[in-house]
There are 2 protein chains.
Amino acid sequence: MELNERKTRILEAIIRNYLETGEPVGSRTISKYEELHLSPATIRNEMSDLEEMGYILQPHTSSGRIPSDKGYRFYVDRLMQDKEREVADMHEMVVQKADELSELLKQVARLLADNTNYAAMISTPQIHHNKLKFIQLSKVDVDQILAVIVVEGNIIKNKMIRVDGEMDADTVLKLNLLLNTHLNGLSLEDINLGLITLIKERAGIHSAVVASVIDAVAEAIRADEDLEIYTSGANNIFKYPELTDKEKASDIISTLEEKRQFGKLMRESLQEAAEEGGTGTGIQVYIGDESPIQTMKDCSVVTATYELEDGMKGMMSIIGPKRMDYEKVAKTLKTLQTQLDALYKKT
Amino acid sequence: MELNERKTRILEAIIRNYLETGEPVGSRTISKYEELHLSPATIRNEMSDLEEMGYILQPHTSSGRIPSDKGYRFYVDRLMQDKEREVADMHEMVVQKADELSELLKQVARLLADNTNYAAMISTPQIHHNKLKFIQLSKVDVDQILAVIVVEGNIIKNKMIRVDGEMDADTVLKLNLLLNTHLNGLSLEDINLGLITLIKERAGIHSAVVASVIDAVAEAIRADEDLEIYTSGANNIFKYPELTDKEKASDIISTLEEKRQFGKLMRESLQEAAEEGGTGTGIQVYIGDESPIQTMKDCSVVTATYELEDGMKGMMSIIGPKRMDYEKVAKTLKTLQTQLDALYKKT
DNA sequence: AATTAGCACTCATACAAATCGAGTGCTAAC
DNA sequence: GTTAGCACTCGATTTGTATGAGTGCTAATT
């Protein structure tokens, strides 16, 4: 069967109406849309077809129709862009630059949640492409050395290293120089085992102590899974009855709390954004089962990548019911993308 | 009216039963407790008295009784200790020392939640009593200086300082020395404005640049409200029907998410623990409205202070229904108190 | 051939009445 | 002082009934 012009319009009307009300929509309701000039009976026939084709479904015999996942997908892919011009009057969101990146991201998460009335999350940017700017070892205690590692974008990592034996101030100084000359300017992913071995050699066969310190530093550099995730607006899901029963709510809440579950989503999302190339907006929509996170099967998840200076890419996303206002969400995400971008360009 | 032996036992039976079932408990139920040898009718008379005295109440005419806040309070204060011996077979929880304090605390929060089936939170320790161990300024970029501040207990603070003018390496070095000689060994709260002014003077009237850097460092030191709070097990509240209606659940979830709301609770709790003196266990119980957090009025909150080496005190707490298993919760908190303590003593 | 009106049918929802039963308070007997 | 007995209360559950939104199908209309 073919999805002709009229079917498309009816499908759109059904979905739009359902997005607004959250209630199954019947033929009579649709027949009232003037553009169509169709009687309920005709609509019913078309609906029957649409159901057969999998775009809509009935929660129970003889009730109105609701969009299926496939229906939402069609809506997002085909119908939404056409209407983009309609969305206009969203006021700009204001992001204040925070001292700490983490504060900034928390703020963004909150903005996303407050503006959309859905739950929001945002991750810290990935930094393995970033270049190492500076390393400093300092002797803090008799047996402790503090390594401070600064990466492009002013991401700072600290690592307290406990040394087994003695290590005099002079050695520390020398090590500092050595590490900086060899590693500065390299991107984190380029700092590999071979390089580390080389540095150890250069350091002389001094002692196991020195080697262990170098290892510790290398480990700190490699541990770029300092990926933090901030969430906001979890309570918003209570605004949507279809997500509020014990089971579902509990699932969603715990996913939001167990932030690391988002790792998978993030990887996939960044991946897809990359494949899409420079042209796209970097916005992905996962409807129900499409989501890489099993527990999100009753929700839709809209993700967007953002980019700070120096190509640090992170991800933010909105989690809401399938009948979320996709247009508004997309617009909101885009606005924040732009603002984050601008914020870091200027300074 | 006097709360005699028999009334006490009946009250205890009522509360215990309610804690188990979550249902109002009637006279017949209580009469089955063999220790009492009383008929339902007698129990009813006693219940009537207990209600008049405010320890229990009826959700509606002619239904069983449930404990009032006052009843819970009595239970926690008088009845619980007597039975402490009964609680025995809780297996020890294992805390692995994590590299980062934050990881450790997240782990503890999770343990608390998993073991009790309630929601849990834990704060980072307060450090204003702690002594400054080490300051290091490093020139990272032409116009950027990184300040690393290490506090007793190996708490590390980073602050990126943007300088307006130029600052040569020599000045940085000199400043390093100056700051360390003046500040090392002082507790954070002792570093006041006078001291900062003194240092500025010693630095010479070099330039506004130097002064601004010193100010920035001072600010970083003073900003000990790096208070972080980690939560776990928010979804556990769905296990208790009395907390699961939209309104209440939403309140609780958002309080858990808006972690800073716990600030008040934390201050009060540490305060009370301090007043209690060294003898107490540092465990506080807030029942319903007793809680300093308004949104927690339908829950009970049990807090415990913990202490890492060097007197860094933090707080952890369990949030659950009023009918939570207070004994188990107290035991769990104590166990973790002890384990945290031990963990830092050893190393 | 496409559209529409009409009709019988389905089923969630709301509502009221009926019933049940756990629990109470009170009184009288023990 | 304790207990048995009884009338009474009131939430919860069940049952029956009506309502209405919605459907699918068929026959009439355009």
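Numbers restart at 1 for each chain; the letters A, B, ... are given by sequence-line order, proteins then strands. Side chains are part of it too, since the values below use all heavy atoms of this structure and drop only hydrogens, waters and symmetry mates.
Remark: E20(A) engages no residue in a side chain to side chain donor-acceptor pair (under 3.5 Å) (not counting sequence neighbours). Considering only residues two or more places apart in sequence or on other chains, E51(A) meets the salt bridge (Lys or Arg N to Asp or Glu O under 4.0 Å) condition with R65(A). Under the salt bridge (Lys or Arg N to Asp or Glu O under 4.0 Å) criterion, E52(A) pairs with no residue at all, not counting sequence neighbours. Partners of D49(B) under the salt bridge (Lys or Arg N to Asp or Glu O under 4.0 Å) rule, at least two apart in sequence or in another chain, are K7(B). The side chain to side chain donor-acceptor pair (under 3.5 Å) check on N117(A) picks up K239(A), with sequence neighbours excluded. Scanning for side chain to side chain donor-acceptor pair (under 3.5 Å) contacts around R6(B) gives E46(B), with sequence neighbours left out. Applying the ring-ring contact (aromatic ring centres under 6.0 Å, His included) rule to Y118(A) yields the partners Y240(A); only residues at least two apart in sequence or on another chain are considered.
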Identify every side-chain donor-acceptor pair in residues 66-74 of chain B under 3.5 Å, counting partners at least two apart or on other chains, and give the distances.
unit_1: S68(B); atom_1: OG; unit_2: G54(B); atom_2: O; d: 2.7
unit_1: S68(B); atom_1: OG; unit_2: Y55(B); atom_2: O; d: 3.1
unit_1: S68(B); atom_1: OG; unit_2: K70(B); atom_2: N; d: 3.2
unit_1: S68(B); atom_1: OG; unit_2: G71(B); atom_2: N; d: 3.1
unit_1: D69(B); atom_1: OD1; unit_2: K322(B); atom_2: NZ; d: 3.0
unit_1: K70(B); atom_1: NZ; unit_2: M53(B); atom_2: O; d: 2.9
unit_1: R73(B); atom_1: NE; unit_2: E290(B); atom_2: OE2; d: 3.3
unit_1: R73(B); atom_1: NH1; unit_2: D77(B); atom_2: OD1; d: 3.1
unit_1: R73(B); atom_1: NH2; unit_2: V285(B); atom_2: O; d: 2.6
unit_1: R73(B); atom_1: NH2; unit_2: E290(B); atom_2: OE1; d: 2.5

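Here the P atom of nucleotide dA21(D) and the CD1 atom of I30(A) are 16 Å apart, to the nearest Å. For the pair I43(B) CD1 and dT3(D) P, the interatomic distance rounds to 9 Å; values are reported in whole Å. Atom C1' of nucleotide dG22(D) and atom CD of E46(A) are separated by 17 Å, given to the nearest angstrom. The CD1 atom of I10(A) sits 12 Å away from the C1' atom of dT3(C) (whole-angstrom rounding).
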Can you give me the dot-bracket string for DNA chain C, 5' to 3', counting Watson-Crick and G-U wobble pairs with both distances under 3.5 Å, using [ ] for crossing pairs and | for partners on another strand? ||||||||||||||||||||||||||||||

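Evaluation of the salt bridge (Lys or Arg N to Asp or Glu O under 4.0 Å) test over residues 108-123 of chain B, restricted to residues two or more places apart or in two chains, returns E258(A)-R110(B).
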Between the protein and nucleotides 13-15 of chain C, which nitrogen or oxygen pairs come in under 3.5 angstrom?
none

Reading 5' to 3' through nucleotides 21-30 of chain C, protein heavy-atom contacts under 4.0 Å coded B for base, S for sugar-phosphate only, - for none: --BBB-----

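Within a 6.0 Å radius of NZ in K264(A), other residues, nucleotides and ligands contribute 12 heavy atoms or fewer.
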